[in-house]
Number of protein chains: 2
Amino acid sequence: MDNATQEKLFAAAIPLFAEKGYAAVSIREIAKAADVNVSSISYYFRGKEGLYHAIIESHIGAISKAISSAEGLPPEERLRHYAKAISEIHTKKPYVIRFVQSELVNPTSAMDKILKKHLFSFYRFLNKAIQDGIDSGIFRDDLDVHHAALSLVGIMNFYFIAKPLFRDFLDTSVEADAAYAEQAVNIYLEGIRRK
Amino acid sequence: MDNATQEKLFAAAIPLFAEKGYAAVSIREIAKAADVNVSSISYYFRGKEGLYHAIIESHIGAISKAISSAEGLPPEERLRHYAKAISEIHTKKPYVIRFVQSELVNPTSAMDKILKKHLFSFYRFLNKAIQDGIDSGIFRDDLDVHHAALSLVGIMNFYFIAKPLFRDFLDTSVEADAAYAEQAVNIYLEGIRRK
DNA sequence: CCAATATGTTCAAACGATTGTTTTAATCTA
DNA sequence: TAGATTAAAACAATCGTTTGAACATATTGG
């Protein structure tokens, strides 16, 4: 991104789309927040959808990068790596999980065009780690692999979605997030481990 | 609800709001799906928001009812009861979790006006069950209670959100949902149990 | 080195389409 | 006939996008 206007639009649109959803944000609202003329959105991103897609692309790409480095590790370490990556990515890109979750619940065209292939890739990563763990005898062999994968995704991600709602009861620091991630993955691993 | 037009609107709006989110659905779209005149929405529900609130109210009320009957049980049974209630409510009201999740990610006015007090009540229910379990020695005493509660909510609910995306890989029958819920709560309970 | 041209960007204004809501008249029901 | 309900039309407001002029900066030719 080599232009100031482009960057201002990109930065201003992220929290708006993340907090209100694609349809609930108008391009005039974005332009105002970015202190930029409305037409710049069409000029630089070929419209509202283009801007949204560019944001989604950059955010989901960040997750992919964070997870991909765990390929060779033993099964349990791969799952811990996933958990750590989720918690770290959330401090680096505070809105990424909101975008993903928002698309999961109320999909836009970005789901089919951008997100799906990444999400399936994460899913396969977890599936394989769990299956390898079962095969090598460290995880229970009565597990449904698909369900177990979704369990981990759920336990790792929901916290970051719900957090804003519980900010009165909860410590919301970076350290607290990391502590959550560790306790959650420990509960999960203890729960699937062969006794 | 004592009127046919009212009921048609209500029924038609549920899947639309659930799948696309509040802002992405127009009242003309709803009226068309219900085979009813647009103005009926204002006439019966005092506008789009009124219709949406009525739907949210009825759905979140159903969860509250399902969970409230577990008060006297021992801690572990309370958590199992919560898990079972979540999975059952989802087969009875297939869109309830979409509404809740949608409001969590992209809150509308319904979050403050309707959902918050119910969600906090569920949260207190889980917090207390976990704390009681720690106090009576069946759960690990190094648990962060708040985090543990959110872990359970996450592991129980995410599956039902993600399911539609994985319908090619996953058995999506009622029995499969129940099987998921049972495996998930078992993983969780095994993970927090004192050894 | 300056003037002329070309290119890239910003701006306010306007476009037609669609938004939620209201109005007014027609229709149905009791 | 009185009141409740439906229907079509119109309301102002806002939607995403496009337009064409204004502006800035860089490139070219003499």
Side-chain angles (χ1 to χ4, degrees), chain A residues 1-58 99 102-103 106-114, chain B residues 1-58 99 102-103 106-114:
Chain A
M1 207 153 314
D2 42 54
N3 181 284
T5 304
Q6 233 175 120
E7 276 168 23
K8 283 200 283 183
L9 273 172
F10 198 84
I14 288 173
L16 289 174
F17 280 139
E19 281 161 17
K20 314 218 275 174
Y22 177 77
V25 179
S26 78
I27 59 169
R28 284 176 179 82
E29 192 179 356
I30 298 171
K32 195 167 195 174
D35 195 26
V36 143
N37 191 277
V38 226
S39 60
S40 308
I41 295 173
S42 274
Y43 184 77
Y44 284 109
F45 296 97
R46 284 134 98 240
K48 180 188 182 185
E49 196 177 83
L51 173 55
Y52 182 69
H53 282 188
I55 290 172
I56 295 285
E57 187 94 54
S58 87
F99 284 121
S102 181
E103 284 292 328
N106 306 129
T108 72
S109 65
M111 175 52 91
D112 274 336
K113 289 190 183 159
I114 305 173
Chain B
M1 207 152 314
D2 41 55
N3 180 285
T5 304
Q6 233 175 118
E7 276 168 24
K8 283 201 285 183
L9 272 172
F10 198 84
I14 288 173
L16 289 174
F17 280 138
E19 281 162 16
K20 315 217 276 175
Y22 177 77
V25 179
S26 78
I27 59 169
R28 284 176 179 81
E29 191 180 356
I30 299 171
K32 195 166 195 174
D35 196 25
V36 143
N37 190 277
V38 227
S39 58
S40 310
I41 294 173
S42 274
Y43 184 77
Y44 284 109
F45 297 95
R46 286 136 92 233
K48 181 187 181 183
E49 196 177 81
L51 173 56
Y52 182 69
H53 283 186
I55 290 172
I56 295 285
E57 187 94 55
S58 86
F99 283 121
S102 181
E103 285 292 327
N106 306 130
T108 72
S109 64
M111 174 52 91
D112 275 336
K113 288 190 184 162
I114 306 172

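Quick note on labels: first sequence line is chain A, next is B, and so on, each numbered from 1. These values consider heavy atoms only, across backbone and side chains, with no hydrogens, waters or symmetry-generated copies.
Summarising the geometry, atom OG belonging to B:Ser109 is positioned 8.5 Å from atom OH belonging to B:Tyr52; distances are rounded to the nearest 0.5 Å. Atom CD of A:Glu49 sits about 13.0 Å away from atom CD1 of A:Ile27, to the nearest 0.5 Å. Taking CD1 of B:Ile30 as the reference point, atom NZ of B:Lys8 lies at 14.5 Å (rounded to 0.5 Å).
Near DNA chain C, defined here as any heavy-atom distance below 4.0 Å, there are no residues from residues 7-15 of chain B.
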Contact letters for nucleotides 11-22 of chain C, in which S counts primed atoms plus P, OP1 and OP2 and B counts the base, heavy atoms under 4.0 Å: BB-B----BBBB
Could you tabulate the donor-acceptor pairs under 3.5 Å formed by side-chain atoms of residues 40-47 of chain B, not counting sequence neighbours?
from    : atom 1 : to      : atom 2 : distance (Å)
B:Ser40 : OG     : B:Asn37 : O      : 3.0
B:Tyr44 : OH     : B:Asn3  : ND2    : 3.1

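Judged by distance alone, with hydrogens and angles left aside, the side-chain atoms of B:Lys113 form no donor-acceptor pair with the main-chain N or O of B:Thr108 at under 3.5 Å.
Scored by the side-chain contact (heavy atoms from CB on, under 4.5 Å) test, B:Ala11 finds no partners at all (sequence neighbours excluded). In terms of the side-chain contact (heavy atoms from CB on, under 4.5 Å) criterion, residue partners of B:Ile14 (sequence neighbours excluded) are, by chain and number, B:Phe10, B:Ile55, B:His59, B:Tyr95, B:Phe99.
Of all heavy-atom pairs spanning B:Glu19 and A:Pro107, the tightest one is O-CD, 3.8 Å. Shortest non-hydrogen contact noted between A:Leu16 and A:Glu29 is CD2-OE2, 3.9 Å. Nearest heavy-atom pair, B:Val25 versus B:Lys48, reported as atom, atom and distance to 0.1 Å: O-NZ, 2.8 Å.
For DNA chain D, the span of nucleotides reached by chain A at under 4.0 Å from its heavy atoms goes, 5' to 3', from D:dC15 to D:dT19.
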